[in-house]
Amino acid sequence: MTQRPFDVEAIRRDFPILSRSVRGRALVYLDSAATSQKPRQVLDAVRRYDEEANANAHRGVHALAEEATRLYEDARERVARFVGARDAREVVFVRNATEGVNLVAHAWGDANVREGDEVLVTVMEHHSNLVPWHLLARRTGARIRAVPVRDDGRLDLDAFRAMLSPRVRLVAVTHVSNVLATINPVADLARAAHEAGARILVDGAQAVPHLPVDLGSAGADFYVFSGHKMLGPMGIGVVVVARERHDEMLPFLGGGEMIREVEVDSSSYADPPWRFEAGTPNVEGAVGLAAAVDYLSALGMEAVAAHTRRLGARAREVLREVPGVRLFGPDPGVDSSGSVVSFTLDGVHPHDVAQVLDRFGVAIRAGHHCAQPLMRRFEVPATARASFYLYNTDDEVDFLARCLVEATREFAPARAGWEGPADGPLARFAPPTHTPPALPDPVLRDSAGDGESDREVILDHYLHPSGQDPVDGAQVEWWGRNPLCGDEVVVRTRLDGERIAGLQVLGRGCSVSVASGSILASELKGRTVVEAVRLLRGLKAMLRGEPLPGDLDLGDLTALRGLKDLPVRVKCALLPWTTFEEGMERAGVIEDAHGAESREATHGHA
Ligand code: PLP
């Protein structure tokens, strides 16, 4: 394959989406760890396949079917070569990394894991390399144990070695952390696992896009990754199954393609990899993935890795300049890919960080990143995460830092966090200090209008929240939590007959959930329970984009109207209200008017 020089500007021209604008600004795409963008070469390969060769692979004797089969099997060969698999028959196509782990948990796990056995995971795993093992443990009675993560974001290798024992049947570990960018020494881990008699599955979802991966030397029994994080299409992923493991596995899904002979009451199976690919395969996905592999190979994975590492290092350098930034994970180097940087900004909730950045056209991720055990390990409910790839530039990294300064100016006066009950779930959070907000630099402000004035109302409630004073004699007290971001709220209500005589709303969360709680406290106090229910229904209708009932005036709640297009933030806005509602329902004050939204949150006694 002809090598191509690594020229970021030339690379960017291959990615049509990078020239679009977002909210009137040039798109700065820093969310490739969630999914990467696709170059023309991949888009063209998929389109060409659909226009010229679409047919069901393996099934026909006509020319198109043969061509589709050849393209599909050729993609398997190219992907195998790219990751250094010893044989293309080790490459099983699946939908994504998640399906790859589930395949192994069923096909290998069900046949080899018994009650009392152990599966060793790590605290830094993505949920997709945890939940399939939880389910296996439920089916078999096996036990899950987790290798701890050190303060610096590296795996505790001494603990890992100490935890290995003859009981461990499988080690399931990520190659590169999607939150910390830590590169785990998978070849060493594989050697140690094998010496202890265990098998090892490596989650390469964040490794294959960013590092030269050589499975020949990595020694993993199972290695999974997703096409959509490495310039390929969604809906195609890979699990590489070492050929020595083939005979230890049962089929995963049953159906067409994976069989040799079928009787009405029994069947025999095709050889791997086809044994594990039941049903019509995603041929266009495989063709697109092969084109992505060719694109990366032409640049050279060493060059791709060096570029990402350099951007990661620069990001950490400039973010350290922003007051209040806390960075997670090691600095880029031999044990960090630099492909992601996770951070928190003191006093600014990660959701607010992401939303301010979005206003400036910068796409990052905020939340728990499907790594809740790791969030708990670092005692944060969520982080913001910027991730880099071959098309990102130094300027984009610097712009990220500049926008963070704006987010700090807008929100940091709050130094968010509300005082919670002394022994309740909020106890560990410090009380707020309220100082007037400094509005963003006009250069970075978007146009005035409803959006601007709504934002000012939200900000005002966030910085000067109502409902902070204790209520004596509250009959109803309920706690709610949004598991997506860890926001929590406690609502205490004192009733005087039909009327809401006192409300206290204590919470810890983003500007939207805090402001919504403040509005709840100010709007509901003095109203009847029936009026409160009407307001709640109106809020839900507004957030679904439905017309409001008749003469209903939502007051300051109207400032939340722009959230209807942001489903994640809708949950933030509803949290205090559904917590109030559920508390009142449980207390028998209102009938079950419970909407689907509230079921998405977790509630309980404070
Ligand atoms: N593993 C890691 C480390 C990831 O970052 C991700 C996705 O973010 C996954 C697994 C799951 O990938 P997918 O959703 O494509 O199955």
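Ligands are counted one by one from 1 in listed order, and the atoms in each one are counted from 1 as well. We're numbering straight along the sequence, starting at 1.
The shortest heavy-atom distance from D203 to ligand 1 is under 4.0 Å. Within the 4.0 Å heavy-atom cutoff, H175 does not count among the residues contacting ligand 1. Under the 4.0 angstrom criterion for non-hydrogen atoms, E125 is not in contact with ligand 1.
In K229, the part holding a heavy atom less than 4.0 Å from any atom of ligand 1 is the side chain. The proximity of H228 to ligand 1, defined as any non-hydrogen pair under 4.0 Å, is limited to the side chain.
Listed by atom number, the atoms of ligand 1 under 4.0 Å from N178 heavy atoms are 3 (C), 5 (O). Heavy-atom proximity to A97, at under 4.0 Å, picks out these atoms of ligand 1: 12 (O), 16 (O). Of all atoms in ligand 1, listed by their number and element, those nearer than 4.0 Å to a heavy atom of S226 are 12 (O), 13 (P), 15 (O), 16 (O).
Looking only at distances, no side-chain donor or acceptor of D331 sits under 3.5 Å from a matching main-chain atom of A313. Distance alone, capped at 3.5 Å, places no donor-acceptor pair between the H349 side chain and the S511 backbone. Looking only at distances, a side-chain donor or acceptor of Y391 sits under 3.5 Å from a matching main-chain atom of Q37. With hydrogens and angles ignored, the 3.5 Å screen pairs no side-chain donor or acceptor of S36 with any backbone N or O of S32.
The nearest heavy-atom contact from the protein to atom 16 (O) of ligand 1 is T98 OG1, 2.5 Å. Nearest non-hydrogen protein atom to atom 10 (C) of ligand 1 is S128 OG, 3.1 Å. Closest protein heavy atom to atom 5 (O) of ligand 1: Q206 NE2, 2.6 Å. Among all protein heavy atoms, the one lying closest to atom 4 (C) of ligand 1 is H126 CD2, 3.3 Å.
A donor-acceptor pair shorter than 3.5 Å cannot be found between the side chains of T174 and H126.
When only interatomic distances are considered, the shortest N/O to N/O separation between E99 and ligand 1 does not fall below 3.5 Å.
The minimum heavy-atom distance between I364 and R385, with the atom names listed, is CB-O, 3.4 Å.
Salt-bridge check for D87 with R76: failed, with every basic side-chain N at 4.0 Å or more from each acidic carboxylate O.
Residue R154 is tested with D151, D152, D158 for a salt bridge (Lys or Arg N to Asp or Glu O under 4.0 Å); the sole match is D152. When the options L289, I236, V287 are evaluated for a side chain to side chain contact (heavy atoms under 4.5 Å, CB included) with N282, the one that passes is I236.
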